[in-house]
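Note sheet for the following structure.
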Amino acid sequence: MAASRKPAKPAWALDPHLTAALQKAVQALPDAAPLGVALSGGADSAMLAVHAAQVAAVSGRTLHCFHIHHGLQPAADEWLAQAHRLAGILGVACHSRRIQVSVQGTGMEAAAREARYVGLAALAQAVGVDILFLAHHQDDQAETVLLRLLRGAGPEALAAMSAQIHHHGILWCRPWLSQPRSRILQAAGQFAAITGWHPVQDPSNHDTQYKRAALRHDLAPVLDKHWPAWRTSLARHAGQAADLGLWIASTASDDWQGLDPSADGRSFSLLAWRQLPAVRQAALVRYWLQCQGLRMPTEARLADWLRQFRQVHALGHDRLVSLPHEGHLVQVQRGRVVLSETSVKPS
């Protein structure tokens, strides 16, 4: 276990609730592992870096900040500079990278998010960091649940954001999912008053052509008026959905073992799958795709897949089932449902 050392007391006050939540997350991690913070320069990620700097010092860990320059806003250069200024105030290293966002049918928001994660992972791995903290909070979680409800997502998707997830070779941690943004903004205001450092403002957060911004600016005030605890309630619902998801995954894992799966997990017996109750057939296909690292199809697409799996001859003799998904093909071949990569990735 890393030896603890008494760090210099910061000139600014730290919020005890934000600090405690971060300490709890850090204590669950491997001893002495270096930590990283995804630092956009906004209030949320900035306060995560501020609190993480002290928590890392107390636990004898090294902290790195990582900033991605999308180039999507005119002020992006200033955001990069602000991120480095904050790291300088905190006395920690800040690593940054300029990237280009390529929109490939997923929309700008999704494309920018994925490009950011890829860039952050590359930056972190270059300096030996494989644990990155993200500043998502209770408000973000509640908004995600509500947006997914409005899109017609299933119960597992309503678990929204996980406190921990492995992706791109990185353990991503979200220690503040139970913390309201009002608490973070209060800490940011106090920090600015003492240090003169102010968080950047992303204009896209106020552009209601984006659904999340529209929710915050058009719908949230109505919910605040009539259901003031809606964020807490929806965040709690996300936790309940996560518990349900674990139960579904456990059942699907048990079912998977009875489907004569291939050694690489990329195929299973169609006939054995058909013996399952319909609701478990759907759960099994979702579980299979998740194990292969693929995103879930829409409910409509999944329903069409299930229909074809149920109607095709058990040995696949009567028709060709070939379903494109995420640069792969889901096919029925000689009585097995098979996942294979396409030779040409979708553009």
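Being a predicted model, the structure only gives us computed values, none of them experimental.
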Can you name the closest pair of heavy atoms from [X] and [Y] and give their distance?
{"X": "Ala49", "Y": "Leu86", "value": "CB-CD2, 4.4 Å"}
{"X": "Ala53", "Y": "Val92", "value": "CB-CG1, 4.4 Å"}
{"X": "Trp79", "Y": "Pro203", "value": "CZ2-CD, 4.0 Å"}
{"X": "Gly36", "Y": "Phe66", "value": "CA-CE1, 3.7 Å"}
{"X": "Leu35", "Y": "Ala56", "value": "CD1-CB, 4.5 Å"}
{"X": "Ala283", "Y": "Ala252", "value": "O-CB, 4.1 Å"}

Does [X] share a hydrophobic cluster with [Y], counting links as ILVMFWY side-chain heavy atoms below 4.5 Å and allowing steps through other members?
{"X": "Val321", "Y": "Leu259", "result": "yes"}
{"X": "Val312", "Y": "Leu329", "result": "no"}
{"X": "Phe133", "Y": "Tyr117", "result": "no"}
{"X": "Leu185", "Y": "Val50", "result": "no"}
{"X": "Met161", "Y": "Tyr210", "result": "no"}

Can you check whether [Y]'s main-chain N or O pairs, donor with acceptor, with [X]'s side chain at less than 3.5 Å?
{"X": "Asp243", "Y": "Gln240", "answer": "no"}
{"X": "Gln281", "Y": "Leu276", "answer": "yes"}
{"X": "Arg310", "Y": "Arg274", "answer": "no"}
{"X": "His67", "Y": "Ala81", "answer": "no"}
{"X": "Ser45", "Y": "Ser40", "answer": "yes"}
{"X": "Arg280", "Y": "Thr251", "answer": "no"}
{"X": "Gln82", "Y": "His198", "answer": "yes"}
{"X": "Glu326", "Y": "Pro297", "answer": "no"}
{"X": "Arg61", "Y": "Ala33", "answer": "yes"}
{"X": "Ser162", "Y": "Ile165", "answer": "no"}

Legend entry - CD/Gln290: more than 12 non-hydrogen atoms of other groups inside 6.0 Å: no
Hey, what do you get for [atom1] ([X]) to [atom2] ([Y]), rounding to the nearest 0.5 Å?
{"X": "Ile184", "Y": "Gln138", "atom1": "CD1", "atom2": "CD", "answer": "10.0 Å"}
{"X": "Ile170", "Y": "Cys173", "atom1": "CD1", "atom2": "SG", "answer": "10.0 Å"}
{"X": "Trp12", "Y": "Ile194", "atom1": "CH2", "atom2": "CD1", "answer": "8.5 Å"}
{"X": "Asp139", "Y": "Leu234", "atom1": "CG", "atom2": "CG", "answer": "11.0 Å"}
{"X": "His51", "Y": "Trp176", "atom1": "NE2", "atom2": "CH2", "answer": "5.5 Å"}
{"X": "His69", "Y": "Leu80", "atom1": "NE2", "atom2": "CG", "answer": "6.0 Å"}

Any salt bridge between [X] and [Y], counting N to O under 4.0 Å?
{"X": "Arg98", "Y": "Asp77", "result": "yes"}
{"X": "Arg85", "Y": "Glu78", "result": "yes"}
{"X": "Arg231", "Y": "Asp224", "result": "yes"}
{"X": "Asp304", "Y": "Arg301", "result": "no"}
{"X": "Arg286", "Y": "Glu299", "result": "yes"}

Side chains of [X] and [Y], heavy atoms from C-beta outward: is any pair under 4.5 Å?
{"X": "Trp288", "Y": "Val330", "value": "yes"}
{"X": "Thr144", "Y": "Arg212", "value": "yes"}
{"X": "Trp172", "Y": "Leu120", "value": "yes"}
{"X": "Asp140", "Y": "Glu143", "value": "yes"}

Legend entry - Test of ring centre spacing under 6.0 Å for His95 and His64: yes
Inset, instruction - Go through the steps to decide whether Tyr287 and Ser253 satisfy the test side-chain contact (heavy atoms from CB on, under 4.5 Å), and finish with yes or no. - result: CA-CA 8 Å; Tyr287 171 82; Ser253 178; 3.5 Å; yes
Legend entry - Thr208 side chain to Arg216 side chain, donor-acceptor N/O pair below 3.5 angstrom: no
Inset, instruction - Would you please say whether a donor-acceptor pair under 3.5 Å links the side chains of Glu114 and His168? - result: yes
Legend entry - Derivation and outcome, side-chain contact (heavy atoms from CB on, under 4.5 Å), residues Leu22 and Leu18: CA-CA 6 Å; Leu22 189 52; Leu18 299 178; over 6 Å; no
Inset, instruction - Go through the steps for Gln179 and Met47 under the test side-chain contact (heavy atoms from CB on, under 4.5 Å), then give the verdict. - result: CA-CA 12 Å; Gln179 302 299 313; Met47 288 305 97; over 6 Å; no
Legend entry - Steps toward side-chain contact (heavy atoms from CB on, under 4.5 Å) verdict (Gln164, Leu29): CA-CA 11 Å; Gln164 287 190 353; Leu29 298 173; 4.0 Å; yes
Legend entry - Selection residues 290-309 - residue pairs positive for ring-ring contact (aromatic ring centres under 6.0 Å, His included), sequence neighbours left out: Trp273-Phe309, Trp305-His325
